[in-house]
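Structure first, then comments.
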Amino acid sequence: MTVRVRIAPSPTGDPHVGTAYIGLINYAFAKKNGGKFVLRIEDTDQTRCTPESAKAIYDSLKWLGLCYDEGPMHDGMGGGDRGPYIQSERVKAGIYQKFADKLLEQGDAYYCFCTARDLDAMRKRQQANNEPIMYNRRCRGGSLAEARERAAKGEAFVIRMKTPLEGEFVYKDRLRKQPTVKGWKEIDDQVLLKSDGWPTYHLAAVVDDHLMGITHVIRAEEWLNSLPKHIWLNEHLGFTAPEYVHVGLLRNADKSKISKRKNPTSLLWYQKQGYLPEALLNFLALLGHSHPDGQEKFTLAEMCSFFDLDRINVAGPVFDMAKLRHLQGQYFRDLSPERMKAEVYRAIDSKFDALLPLVKERMVFGGDFVWQSEPFYADSVTLHAEDLLPKGLDKTQAKHLLEETQQAFKRYVAGDGAVWDAPSLEAFVRKFIEDRTAPGALPDATPEVQSEAALWSPKSLFMLLRVAATGKRESPPLFDTLAQIGQAKVIERLGLAQQKLR
RNA sequence: GCUCCCAUCGUCUAGAGGCCUAGGACACCAGAUUUUCAUUCUGGCGACACGAGUUCGAAUCUCGUUGGGAGUACCA
C-alpha cells in the first residue's frame, strides 16, 4: 500500500505556522515512505473562508519547499486524479450530501430542527448545573419520513450523527502510551450537515480522506477529542479508516496553544521579516522530532531520509523565537553572495518608499540614505546617556519624563481605535504635555512633582524622544520618525533609554 | 464544570531497566580570538514535578498526587 498523507488547512486569514509544522511532518513521512503528499483546502465555512487565503497557503508551501504532489493546481504544484481538492467544489458536486443521505437511510443520522436559540438556552442550563455541555438529542427520536416532510416545507434543519448511547470507544494512537478510551455517552451527536447544506469538518474530512485514498492522517492534538466521531463515521460509511496519528500542538512561551496575540503565527510575517525558508523549516523540524545523531542543522531532503514517525514526541513544544533566530543567522551567513545580496536589497526595499520622503531632506548623496535611515531598520539603537539630557534636565528628571511618556504611549496603544501615524501621535503628545502643564493639573502631587511639571516643554520632551527612539540628535521630523519606527520598537526603546539613565 | 492528552535543564531535545555522578542545542554568565561589535572557540550555570510500588537495580514499567494543555460550535 502506498502511503498517502494530506494536510487540510482552512483558508481563513493568513497561512499559519502550524500548517507548516504539520505539513512538514506529513511531507517528511510521505517522502520517507515513497508516498504522496496531498493538499486539500477545507473551505466549508462560507462565512470565513476566502480564495485569497487559499492562494496564500499555496504560495507559503511553495516558499517553504513543501511542494504537494496532489492538490489544487498552482505554480507547478498539484493536480491528481482524486480531485477536486477544494471542498467547496466538492460540495457543489453533491459528494457530502450523498453520504449524509446514506447515514440517514441507515438510521445512523437524523434531522434536527432545534434553533440556535434553543441550543443556546440548553447550553446555559447545562453550564449552570455543571453538567457536560452537549446536545440533548431532542430531535433524535423523530421519524425520518416526518422529518423529511418538515424539511420539504422549508423548515431549517441540520443533520446530526446518531452516536451510540453506551459502550466504549477504544483507539490506540501509535504515539501514545495508553489507548484512548472514551465512553460513547460522553460523545455528542455532532452536526454533520449544516443548515446551509454544507458539511461540517467531521463529515467532509472523513469522506474526503476516504475518497482521496489517505492512509495516514497525521494531525494536531486538538483533534484527538473528536477521534471517536471520525472512526465511527468511517465505520458507518463502510470505509476502511486511515490510521490517525496525533502530534503535539505548537505552544506560546506560556505553554498555551500558539496564538497570534502571543507569537507571530503568520507565515507571511516570517517571510516579510526576512526569515529564510530553510531556517524556518529546520527550526520546525527540531520541534517534537530530532536527528538520531543529534545533528541540528540539516536540509529538508536530509530530514526526509531520517524522519521516523514513531520518534515524534507528543508533548507540545514551545515555539522559541530565540532559537529560530540563531538558526536563521547560521543559514543567512551561509548564503551565496548573490542570494545574500538579494536578501539585503529586499530588506531595504521593504521600507524604502515609506522612508525616502522623510530622509531625503537631509541627503546630499545616495549613500546618505544608508546611515540616515539606520534607526528605522536597526533591531536596536545605541544610546549615549549624555544625549538624553536636554538643556536644563538632570538624569532623574529626564528619566521621569521618559517613563511617563512611555506609560502614556502604552495606554494610547491599548486604547480603542488608536492610530499610530504622525498626525495622531503629534496630537496625542501635545495634548499629553498640555494636560501635564495645565495649572492645577496635578493638585495632589508632591511639591517635587509639581516643580517637575515645569519641565514638560515640547522642546525638551521632543529631543528626549528623538534621542531615545533613534539614538541620534538629528532625525526626520519626530512624529514621522516615531510613526515609521513603529509602536512596539518605540515603546521598547523608551524603556531602554530609562535604563541608560540609571 | 465535564472529557481527553501530556510531564527530562528557562526553552528545544537525547535517553526505549544497569552504558546516567543524565548527553547535545538555544538562551544566560565567564574567558580566548576580533581595533569595536558580531562570528568562531573554550569553560560555567542549569533538569529526570512529587509520592508510593514492581525490580538486585528505574529518568525509563505501574498506580496515585500535583502541574500544564486541549476539546466541549450549524469553526476548522
Side-chain angles (χ1 to χ4, degrees), chain A residues 8-13 16 18-19 41-49 87 112-116 119-120 123 126-135 156-160 169 171 173 175-188 190-205 219-229 246-258 283-297 310-330 332-333 379-380 382:
Chain A
S10 185
T12 57
H16 201 270
T19 302
I41 296 295
E42 306 227 326
D43 57 346
T44 55
D45 183 340
Q46 296 186 75
T47 59
R48 296 170 63 220
C49 297
Q87 285 183 335
C112 168
F113 298 93
C114 295
T115 63
L119 298 177
D120 214 44
R123 219 168 284 137
Q126 289 167 338
Q127 222 147 29
N129 298 336
N130 274 346
E131 289 166 18
I133 294 162
M134 59 197 287
Y135 178 56
F157 67 91
V158 301
I159 291 179
R160 288 181 181 272
F169 166 84
Y171 185 87
D173 184 315
L175 296 179
R176 316 267 155 176
K177 280 189 217 124
Q178 300 293 331
T180 297
V181 179
K182 224 167 153 149
W184 276 111
K185 64 174 188 303
E186 314 286 352
I187 297 162
D188 212 351
Q190 184 59 238
V191 171
L192 262 19
L193 226 48
K194 304 183 261 191
S195 55
D196 60 4
W198 288 44
T200 58
Y201 170 85
H202 306 280
L203 211 217
R219 49 162 37 167
E221 203 176 20
E222 53 190 336
W223 294 111
L224 199 50
N225 285 290
S226 34
L227 180 63
K229 295 168 192 168
H246 298 87
V247 304
L249 237 27
L250 257 25
R251 312 291 182 99
N252 298 312
D254 66 3
K255 301 282 178 92
S256 58
K257 168 168 142 180
I258 198 164
F283 170 69
L284 255 17
L286 260 18
L287 305 179
H289 191 260
S290 58
H291 186 108
D293 300 331
Q295 192 182 323
E296 299 238 347
K297 190 168 174 246
D310 292 304
R311 287 188 62 245
I312 288 193
N313 177 190
V314 294
V318 170
F319 191 97
D320 181 7
M321 291 295 283
K323 185 144 185 175
L324 205 210
R325 186 189 159 81
H326 166 79
L327 268 171
Q328 161 71 15
Q330 301 269 318
F332 187 83
R333 282 176 236 116
D379 208 36
S380 58
T382 310

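Below, chains carry the letters A, B, ... as their sequence lines are ordered, and counting in each starts from 1.
- Of all nucleotides present, only B:C63 satisfies the Watson-Crick or G-U wobble test against B:G51, with each distance under 3.5 Å.
- Closest to the side chain of A:His326, out of B:C75, B:C26, B:G71, is B:C26.
- Nearer the 5' end of RNA chain B, as judged by each residue's closest nucleotide, is the contact made by A:Glu131, out of A:Val191 and A:Glu131.
- Residue A:Leu286 has its side chain nearest to B:C12 when only B:A7, B:C12, B:G1 are considered.
- Of the two residues near RNA chain B, A:Pro292 and A:Gln87, the one whose nearest nucleotide lies more 5' is A:Pro292.
- Within 4.0 Å of A:Lys297, counting heavy atoms only, lies no atom of the nucleic acid at all.
- The side chain of A:Glu42 has B:A76 as its nearest neighbour among B:C2, B:A25, B:A76.
- Using Watson-Crick or G-U wobble geometry with both donor-acceptor distances under 3.5 Å, B:C26 finds its partner in B:G10.
- Distances were taken from every side-chain heavy atom of A:Arg311 (C-beta onward) to each of B:G15, B:C5, B:A76; the shortest belongs to B:G15.
- Straight-line distance from the CD atom of A:Glu186 to the C1' atom of B:G71: 13 Å, rounded to whole Å.
- Remark: A:Arg311 CZ is packed, more than 12 non-hydrogen atoms of other residues, nucleotides or ligands lying under 6.0 Å away.
- When all heavy atoms of A:Pro228 and A:Trp184 are compared, the closest pair comes out as O-CH2, 3.5 Å.
- A:Gly183 comes within contact range of no nucleotide atom at all, as no heavy-atom separation falls under 4.0 Å.
- Distances were taken from every side-chain heavy atom of A:Arg333 (C-beta onward) to each of B:A76, B:U39, B:U62; the shortest belongs to B:U39.
- Residue A:Glu296 is classed as a base contact, given a heavy-atom separation below 4.0 Å to a base.
- Among the protein residues, A:Gln178 comes within range of the sugar-phosphate backbone only, with heavy atoms under 4.0 Å from sugar or phosphate atoms but none that close to a base.
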